[in-house]
Structure formats: C-alpha cells, structure tokens
Amino acid sequence: MKVLVVGSGGREHAMCWKVAQSPLVSELYAAPGNPGMAELAECVPWDGDVGQLAEWADREGIELTLVGPEAPLVEGIADAFLARGLKIFGPTQQAAMIEGSKAFAKGLMERLGIPTARHKTFSDVLDALSYLETVGAPIVVKDSGLAAGKGVTVATSLQQAKQAVANILSGAEQAEVVIEEFLSGPEVTVLAVTDGITIRPLLPSQDHKRLQDGDTGPMTGGMGAICPYPLASGLMTEILERVLKPLVDGLRAEGIVYKGVIYAGLMLTDEGPKVLEFNARFGDPECQAMLPLLETDLLELALAVVEDRLHEVKLEWHPWASACVVMAAPGYPDDPHKGLPLSLPLQPPEQVLYFQAGTRRGPQGLLTNGGRVLSVVGLGEDLKKALERAYTGVAAVKFEHALYRRDIGRKVVTNVG
Ligand code: AMP
Ligand code: GLY
C-alpha cells in the first residue's frame with residue numbers, strides 16, 4: 001500500500017516511524033517531511049496547498065494519507081482528498097472546527113453539556129474590556145483561531161488580561177476572543193480515535209506547555225510529555241462518558257461525522273475533569289511519547305477509521321512507560337535561531353528514539369530550522385526509568401545552547417536521576 005504522511009514536525013516523524021513498521025506499507029511518502037522522516041519516507045516538496053496535494057496523491061495512486069498538523073485539516077485537506085475518492089485519516093474542515101474555532105468549540109460544549117470553564121466570546125474590544133472589569137483576575141484570554149498553542153494568556157492581573165484582549169482583537173479583521181474562568185488542577189491529554197461512531201481512547205499523557213522548569217516562562221507548543229499519565233481509577237471511563245461520547249454523538253446529531261483523532265486537553269479540577277480545549281489531531285509532543293507504546297499497527301487502525309469499522313479493532317499497548325523531552329532552538333518561542341549546528345549520536349543510547357522537527361540538512365550535517373528541533377523519547381519499565389533514558393538521550397545530542405526542560409515528569413515521579 002502507498003501511504004502518505006502529511007506534516008514536518010516531531011509528531012509526523014513519530015507517525016512515519018510507526019507507519020513504516022506496518023507490513024501493509026509498500027511505499028511511504030511524506031509531505032513536506034524533514035531530514036528524520038527522509039530516512040523512512042520519500043519526501044515530497046509541498047507549500048501547504050491542500051488541493052494541489054490531493055491532485056498529486058491522486059496521480060501518484062496514494063492509497064492512504066495520515067495528517068499530522070491542524071492547519072491543513074482546518075484548510076479542508078480531508079475534503080479535498082475525499083472529493084477525489086482518496087482515503088484520508090483526519091477530520092473534514094467542518095469537523096476540525098472543534099480546533100479551528102475556540103468559540104465554536106465552547107458553544108458546542110455548552111449545547112452538549114460537556115464540562116468546561118465558564119466563558120464569554122467577544123469580537124468588540126470595548127465589550128471585552130468592560131466584561132474583564134466585572135470579572136477581574138485571574139482570568140484566561142484566548143484567541144479563538146489557530147495560534148500554534150501560543151494564543152492563550154493565563155492572566156494574573158487585569159492589566160495583563162486587557163493587554164491580551166487588545167493584542168488579539170487589534171490583529172485580524174474577524175478576530176474573536178474567548179474569555180474564560182481560571183481553572184486549577186493537574187492537566188492531562190486524552191487522545192482518542194473515532195470513526196464517528198466507535199471511540200477508542202489512547203493512553204493518557206501529560207504535556208508541559210511552559211518553556212521553563214517549574215511551569216514558568218512563556219507558553220509553547222509543548223516542551224515534553226509523559227505517557228501513560230497515571231489517571232485515578234474510573235477517570236478514563238468518566239472522560240469517555242462525559243466528554244468524548246457526548247462530543248462524537250453530538251456532532252453526528254448536528255450532521256458532522258467526526259473521523260480521525262480527537263485531542264481533549266483536560267484540567268482535573270476538584271469538581272471533576274473539565275475541557276480546556278479540543279484539537280483535531282494527535283498532540284505534539286504527546287504523540288511522540290504515546291506511539292512507541294502502541295503495539296497495534298497504526299495503519300490498520302487508520303484504515304479501520306476510514307472504512308467505518310473501528311469496532312473491529314482492539315488496541316494493544318506495551319506495558320512500559322515513555323517520556324519525551326523537547327529540545328528547542330535558543331530564542332524559542334518568539335524568535336528561534338535558525339542555522340545552528342546539531343548532531344545526533346550514530347547509535348542512539350539504549351531505548352532512546354530521536355524524532356526530528358525543526359531541522360534541515362546542511363553541507364556538514366543537521367542545522368536548526370525552526371523552534372522545536374528534536375523530540376528525545378526514552379522508554380522504560382516505569383516512568384522513572386523512561387525519564388532517565390530520555391535525559392541520557394538528550395545528553396548524547398550535540399546542540400549548543402539548546403533549550404529544554406530538566407523537570408519533565410517531575411510532578412509524577414519526584415526522584416529522577
Ligand atoms: P489551550 O490552548 O486552550 O489548551 O490553553 C493552553 C494552556 O493554557 C493550557 O494547557 C493550560 O495550561 C492553560 N489554560 C487554558 N485554559 C485555562 C483555564 N481556563 N484555566 C487555567 N489555565 C488554562
Ligand atoms: N501539545 C499540545 C498540542 O499538541 O496542542
């Protein structure tokens with residue numbers, strides 16, 4: 001089978017790595033891919049035009065496409081492929097609105113009774129500012145549209161909240177801002193695959209969104225992840241019953257059949273789990289930590305989703321734990337330094353995987369080419385061992401001035417190293 005993976009980040013490198021292990025694959029392509037993916041797949045240049053990629057895939061006889069990032073989903077890549085009768089693992093443009101518009105997602109959660117922070121949506125600056133006066137801080141201000149995980153301000157002062165509102169609403173013409181109640185508790189990511197009827201939750205994981213240790217510094221796309229996150233007993237069932245099922249069933253009742261991955265970002269509050277956000281794809285870096293533990297063939301899973309027979313698939317998991325540490329370029333997230341040299345060991349340390357993201361190949365080896373550069377994944381019998389291996393993997397990389405967190409997983413495992 002000819003298979004295409006869309007994207008160029010650490011998540012997509014992990015997807016390629018997993019897909020490449022499937023006996024069903026005969027040829028693997030990546031668009032646009034990265035140097036790590038190029039070791040597993042043939043990389044096809046791609047500028048982001050979804051119609052053009054669908055045309056290429058049609059011509060090339062691609063039999064299944066898996067989409068990594070949100071941007072092409074929100075642009076309608078699934079619709080463009082489906083219109084040509086091509087199989088694609090990822091939701092349609094309408095379904096991807098659960099991520100593409102936070103205002104849409106909040107409205108949906110309200111209609112369906114899915115637990116989430118109380119909120120209001122504004123497009124007018126003055127209305128938003130006067131609302132802020134009535135609610136005060138701490139308060140959370142979100143850009144309704146896609147912002148690569150960086151459109152959220154958890155404001156500790158009214159001044160900061162007002163600034164965030166002004167920044168968002170003075171930007172794009174059609175900008176909307178969601179202002180929501182501040183929640184506290186541990187955060188967990190629950191990913192699930194669905195064909196629009198059957199839902200199969202994947203192992204829960206935990207991301208680390210802030211740049212620096214101790215959850216300080218600016219928001220990023222994610223600086224590391226652990227998997228599985230040890231959820232209290234019964235919580236996964238509660239999340240399935242109160243969040244995932246109402247979402248998939250509710251969308252279907254509104255005429256939207258959701259097929260692909262659902263990402264539920266949850267806060268485990270004293271009042272129970274509440275949804276912070278939905279995404280329409282695997283998390284990055286959660287995917288890099290989770291996929292190495294999946295024993296089921298990812299291609300078989302994706303095909304079952306596309307062919308409406310997910311009920312036939314039972315997921316199998318490796319009993320180990322996994323930890324991912326992201327190495328980013330200095331200057332990330334605002335202004336990552338491009339063109340810095342880095343090199344990976346010829347032989348990775350035991351039970352360590354390297355997934356590349358913002359890299360490119362220069363005349364003498366790898367160079368940085370984006371913010372998040374590498375995902376270093378360690379696998380082990382338990383989370384402590386997995387973390388030790390991940391950090392051994394980090395130490396084996398030559399990458400001067402790399403930014404990475406030293407405390408991934410520390411909230412769950414206190415005595416690492
Ligand atoms: P989001 O992109 O909506 O998941 O927000 C990014 C991050 O902002 C989350 O992972 C949380 O750390 C934080 N956050 C979002 N919403 C809230 C909230 N209502 N209360 C507290 N923190 C939040
Ligand atoms: N790691 C957060 C995200 O993928 O949205």
Side-chain angles (χ1 to χ4, degrees), residues 7 9-12 14-15 67-71 73-74 96 98-106 109 115-121 135 137-156 160-161 164 168 177-191 202 204-212 214-227 229 261-271 273-291 324-326 328 333 355 357 371-372 375 405 408 411:
R11 167 182 48 208
E12 291 79 24
M15 289 165 73
V67 186
E70 60 276 20
L73 291 168
V74 170
I98 64 164
E99 172 162 11
S101 164
K102 285 190 191 284
F104 171 83
K106 292 297 278 192
M109 285 188 258
T116 186
R118 280 187 294 273
H119 80 288
K120 275 192 187 296
T121 302
V135 289
I139 190 87
V140 181
V141 177
K142 301 185 177 185
D143 186 337
S144 177
L146 289 186
K150 296 162 215 158
V152 174
T153 302
V154 180
T156 46
Q160 198 189 358
I168 294 166
V177 68
V178 172
I179 299 180
E180 70 176 38
E181 167 195 19
F182 172 80
L183 299 176
S184 59
E187 273 187 64
V188 57
T189 300
V190 173
L191 300 168
L202 306 173
S205 53
Q206 187 173 52
D207 188 11
H208 296 64
K209 296 241 163 100
R210 301 274 187 171
L211 183 67
Q212 283 146 13
D215 292 331
T216 58
M219 287 284 185
T220 69
M223 294 300 291
I226 55 166
C227 182
Y229 178 81
V261 179
I262 292 175
Y263 171 122
L266 302 154
M267 190 82 97
L268 305 178
T269 73
D270 292 343
E271 296 167 11
K274 294 196 180 182
V275 176
L276 296 177
E277 65 167 344
F278 284 125
N279 293 324
R281 43 146 185 105
F282 289 126
D284 183 342
E286 291 96 322
C287 178
Q288 294 91 303
M290 183 273 298
L291 277 187
C324 171
V325 178
V326 170
F355 296 122
R372 292 188 291 173
S375 289
R405 282 181 59 163
I408 300 302
K411 283 193 198 144

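For reference, positions follow the sequence shown, starting with 1. First listed ligand is number 1; within each ligand, the first listed atom is number 1.
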Given the rule in the side chain to side chain contact (heavy atoms under 4.5 Å, CB included) test, do Thr121 and Val177 qualify, once you have shown the distances and angles that lead to the verdict?
-> CA-CA 6 Å; Thr121 302; Val177 68; over 6 Å; no
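One finds no salt bridge joining Glu180 and Arg118 here, because no Lys/Arg side-chain nitrogen approaches an Asp/Glu carboxylate oxygen to under 4.0 Å. Taking 4.0 Å as the cut-off between side-chain N and carboxylate O, Lys102 and Asp143 do not count as a salt-bridged pair. Between Glu286 and Arg11, none of the side-chain N atoms (NZ, or NE/NH1/NH2) sits under 4.0 Å from a carboxylate O, so this pair counts as no salt bridge.
Contact annotation: for Val152 versus ligand 1, heavy atoms closer than 4.0 Å belong to the side chain alone. Contact annotation: for His208 versus ligand 2, there are no heavy atoms closer than 4.0 Å. Of all the heavy atoms of Leu276, the ones lying under 4.0 Å from any atom of ligand 1 are found in both the backbone and the side chain. Neither the backbone nor the side chain of Thr189 has a heavy atom within less than 4.0 Å of ligand 2.
When each atom of ligand 1 is checked for a heavy atom of Glu180 under 4.0 Å away, the hits are 16 (N), 17 (C), 18 (C), 19 (N). Close contacts of ligand 2 with Asp207, meaning ligand atoms under 4.0 Å from a residue heavy atom, involve 1 (N), 2 (C). Close contacts of ligand 2 with Gly283, meaning ligand atoms under 4.0 Å from a residue heavy atom, involve 4 (O). Distances below 4.0 Å separate heavy atoms of Gly221 from the following atoms of ligand 2: 1 (N), 2 (C). Of all atoms in ligand 1, listed by their number and element, those nearer than 4.0 Å to a heavy atom of Val140 are 16 (N), 17 (C), 18 (C), 19 (N), 20 (N), 21 (C).
Checking only distances, Asn279 does come within under 3.5 Å of ligand 2, N or O to N or O. At least one N or O atom of Glu286 sits closer than 3.5 Å to an N or O atom of ligand 2. Taking any N or O of Gly222, backbone or side chain, none lies under 3.5 Å from an N or O belonging to ligand 2.
Nearest-heavy-atom check against atom 8 (O) of ligand 1 across Arg210, His119, Glu187, Met219 picks out Met219. For atom 15 (C) of ligand 1, the nearest non-hydrogen atom from the set Glu277, Lys142, Met267 belongs to Lys142.
Ligand 2 has Pro285 within reach: a non-hydrogen atom of the residue lies less than 4.0 Å from it. Within the structure, the closest approach of Arg281 to ligand 2 falls below 4.0 Å when heavy atoms are considered. For the pair Lys209 and ligand 2, a heavy-atom separation below 4.0 Å is found.
A search for ring pair (Phe, Tyr, Trp, His ring centres under 6.0 Å) contacts involving Phe282 returns nothing, not counting sequence neighbours. Here Glu187 pairs with Lys209, Met267, Leu276 under the side-chain contact (heavy atoms from CB on, under 4.5 Å) rule; sequence neighbours left out.
Taking every heavy atom of both residues into account, Leu268 and Pro273 meet most closely at CD2-CB, 4.0 Å. Of all heavy-atom pairs between Asp207 and Gly224, the closest is OD1-O, 3.1 Å. The two residues Cys227 and Ser205 have their closest heavy-atom pair at CB-CB, 4.0 Å.
A heavy-atom distance below 4.5 Å is found between the side chains of Asp284 and Arg372.
Panel note: side chain Glu99, backbone Ala96; no donor-acceptor pair is recorded below 3.5 Å.
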